[in-house]
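Working notes for the structure below.
The chains referred to below are lettered A, B, ... by the order of the sequence lines, with proteins before strands, and numbering in each begins at 1.
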Amino acid sequence: MDPGQFFTASRVIIVAGKGGVGKTTVSAALARGAARSGLSTLVVEVEGKSGLPAMFGQDDNLTYIEQTISPGGGPEGAADIRARTLTPDDALLEYLQDHGLSRISKRLVNTGALDVVATAAPGIKDILILGKVKQLERTSDVDLILLDAPAAGHAITFLRSPRGLLDAVRVGPINTQARDVLDMLTDHRRCQVILVSLPEETPVNELVETAYSLEDHVGIGLGPVVVNGLYPPLKGIATDPRVAAEEAHASLRPGEAEILSKAADFRSHRIELQQEQVARLAELLPLPQIHLPFLFTSDPGPADVDLLADNLLAGIDALQPLPESGTDA
Amino acid sequence: MNFDDLTRTERIIVCTGSGGVGKTTTAAVLAMRGAEHGRKSVVVTIDPAKRLADALGLRDLSNSPKRIDGPWAGELWAMMLDTKSTFDALVAKYAGSEEQSEGILANRFYRNISEALSGTQEYMAMEKLYELHEETDFDLIVVDTPPTRHALDFIDAPRRLTRFLDHRLYRILMAPTRGLVKALNVAAQAFLRTVSRVVGGDAVNDAIAFFQAFEGMEQGFKERAGKVGALLSDPQTAFVLVASPRRDTVDEATFFARKLHEAGIEVRGLIVNRVHPRFGEALPEALRERAHTLVGTDLGDLYTCLADFQQIATEEDRHLRGLAEHVAPAPVVRVPFLRSDVHDLDGLELVAEHLF
């Protein structure tokens, strides 16, 4: 599939997955991939803090105000990457202000009354965030909106919130809001979810559960699954270090062969485990997969994001055009 | 005091840390060790991965521990917290009558509280801990805490819930039903209208009905929350921090350790799961260089492989050093990547080998 086609298949892409699977990294790679395809992106963070700016070499924290974290036109992409946060408290304040209730809005948040309100109608915080995303979808001038969703299983609750609210709140602005959001979520040309997982047993199980739950209960369109953190294959590590040294006409220091061999064993074994999980995922969930490599760093920067974007674009290139519905096979 | 001593002598161990770092597994291993010391120990888990739950015999949520058979001198029990029924039991305990209790349990707003109010799960975990502490003869109680981004929530949870039940909105919501609408000040009326406009009238009515039904129970709840809070800051409760070596979870653990310290609670141990192994002492930069000169050969690949691991190990070391200093003199144990996922008792034994 042509990356341009992939990134314009829907205006909104929701990136979801269990905590620690690298959702933010994947969002960064998607944004970079879109920028390279000439499409501008807005990344929306729903949790207060984010490592996103650092991945683009920026020091600033994200705020409710949109900011450019990677300007287009350079070697790293033809289009801008912008980012902002979207927390429930802020979204509620804005919602109330938009409805002529700005005087009372601060009190609602500051006194903790938001908790009472949110308890009266659970999912209201989620609907405010999704409602704002829907508004951005209509008004923003970017080509693509990437929503870095809350960690699953919150993702399921999060995306199911409009349906739940439709039942709980039958009239009024929240009902309208929920209906509009649901329209967006279930329209595959407007919105799709990209699920992220690690090639490990528990994350794979949770991803499969999340995928079916989202399809069955929300009717949301699922894009390809991103499997993050695969150790890149190294063909040569199957060779005994001593033999490899001879072949390369190089000499090894005392003890070095054992160390090289231990590291190689560890990697081969983990690659084997990862491949088992990748195969298991393919068996359990008939969605195309895109594989991203493990980064041997815990502070990914622009070069790392570029590497991931390379892999992502290659993965997109290899995709068949998506069928209408993902998991119906 | 190392982890073995903790499981031998302490009465309560609370495992805390961010989501996905292996808290449940760690809690199970600690409880199992207690049983091996001949003690009667119980692990309270929140959201165990399915296969681990199966291994522990935890097929369903339950409100009371089940015994797990195994080759230990003592007893090992386990339970998976059922937030809702724990809350229901608490309501029943403090309700003045059966009618009052039933009225609350049937209320939709109450059901939302017990399922959706942030902090409820945290509070119920602590409530269950208190109950086990007060009413059972377990020698060792190990609790897992909910995977929350704001890991401190559970310390705060008892207070937050009582604040919620005690909320000014309570009085505002109650007022109209007492014919005091006129006495309400303008701001309060506007407030109530706003809430109705946002969530709809039904939801507000549910809330009013709830607070009416709850009337008279606040005091009992508040006292209970006070006792639960006191147990958490009691020196007999040992907090163990669980982390992974990734930068974000280390940052969160550091933040958490500091917050605990501010609350007068010292971390009694740090367990870091899924640490990459280090192979020898060679520096990653030197290995990369060597790999570069050998590019295209098998030996080049072998050096790249080693360099990758030395690099990640170095970074993990750097992240963990700061955290270890933060919790000093508490012991720090690193559990390396295991050869496979932990989902049975043998797997727990494997983790135990690194912990003790």
Side-chain angles (χ1 to χ4, degrees), chain A residues 18-21 47 51 95-96 99 101 103-104 107-108 111-113 115-124 151 168-175 200-202 205 234-239 241 243-245 247-248 250 255-256 259-264 266-267 269-270 273 296-299, chain B residues 18-21 49-51 109 112-113 115-118 147 149 160 163-164 167-169 187 190-191 194-195 197-204 206-207 244-249 277 279-280 282 294 297-306 308-309 311-312 315-316 319 337 339-341 343:
Chain A
K18 182 180 149 70
V21 298
E47 283 168 347
Y95 175 86
L96 293 173
H99 289 75
L101 296 163
R103 269 192 38 223
I104 205 159
R107 231 179 98 215
L108 200 55
T111 58
D115 272 350
V116 178
V117 174
T119 306
I124 199 149
V169 185
R170 295 204 181 80
V171 289
I174 289 291
N175 180 280
E200 292 172 28
E201 183 165 337
T202 310
N205 291 347
L234 285 167
K235 192 173 57 64
I237 61 174
T239 310
V243 178
E247 280 171 7
E256 208 174 17
I259 288 171
L260 286 169
S261 154
K262 269 187 193 164
F266 181 80
R267 186 155 178 156
H269 177 69
R270 293 222 42 100
L273 288 178
F296 287 91
T297 170
S298 44
D299 300 292
Chain B
S18 21
V21 296
K50 201 175 161 298
R51 286 181 65 176
F109 187 79
N112 293 344
I113 293 186
E115 281 159 21
L117 179 63
S118 71
R149 279 181 56 82
R160 279 182 52 178
R163 198 188 67 163
F164 176 84
H167 202 273
R168 281 195 303 151
L169 199 62
F191 197 78
T194 304
V195 174
R197 209 181 305 181
V198 173
V199 301
D202 283 357
V204 173
D206 287 341
S244 82
R246 291 157 22 114
R247 194 184 64 164
D248 50 348
T249 71
F279 301 97
L294 289 161
T297 67
D298 288 354
L299 190 59
D301 281 357
L302 284 160
Y303 274 112
T304 298
C305 170
L306 182 57
D308 284 346
F309 288 123
Q311 181 182 332
I312 189 87
E315 289 199 24
E316 289 178 353
H319 295 314
F337 262 103
R339 287 187 77 88
S340 66
D341 243 26
H343 44 64

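When all heavy atoms of Ile259(A) and Gly280(B) are compared, the closest pair comes out as CD1-CA, 3.8 Å. Nearest approach of Asp298(B) to Lys235(A), heavy atoms of both residues: OD1-NZ, 4.1 Å. The two residues Ala248(A) and Leu294(B) have their closest heavy-atom pair at CB-CD2, 4.0 Å. The shortest heavy-atom contact between Cys305(B) and Ala263(A) is SG-O, 3.5 Å.
Contact count against chain B (heavy-atom pairs under 4.5 Å) is highest for Leu273(A) among Leu273(A), Val21(A), Val243(A). Listed options Gly255(A), Ala245(A), Gly236(A) were ranked by heavy-atom pairs under 4.5 angstrom with chain B; first place goes to Gly236(A).
Residues meeting the side chain to side chain contact (heavy atoms under 4.5 Å, CB included) test with Arg246(B), sequence neighbours left out: Ser244(B), Asp248(B), Thr249(B). For Asp308(B), the salt bridge (charged side-chain N to carboxylate O under 4.0 Å, His left out) partners two or more places apart in sequence, or in a different chain, are Arg267(A), Arg288(B).
Both the backbone and the side chain of Ile237(A) come within contact range of chain B, with heavy atoms under 4.5 Å apart. Proximity to chain A involves both the backbone and the side chain of Leu302(B), based on heavy atoms less than 4.5 angstrom apart.
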| Audit row: Leu260(A), Leu299(B), side chain to side chain contact (heavy atoms under 4.5 Å, CB included) steps and yes/no | CA-CA 9 Å; Leu260(A) 286 169; Leu299(B) 190 59; 4.2 Å; yes
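Using modelled atom types, one finds a donor on one side chain and an acceptor on the other under 3.5 Å when comparing Glu315(B) with Thr297(A).
Arg247(B) has a carboxylate O that lies under 4.0 Å from a charged side-chain N of Asp299(A), or vice versa, which qualifies the two as a salt bridge.
Counting heavy atoms from C-beta on, the side chains of Glu247(A) and Thr297(B) never come closer than 4.5 Å.
Taking CZ from Phe309(B) and NZ from Lys262(A), the interatomic distance works out to 14.0 Å, rounded to the nearest 0.5 Å.
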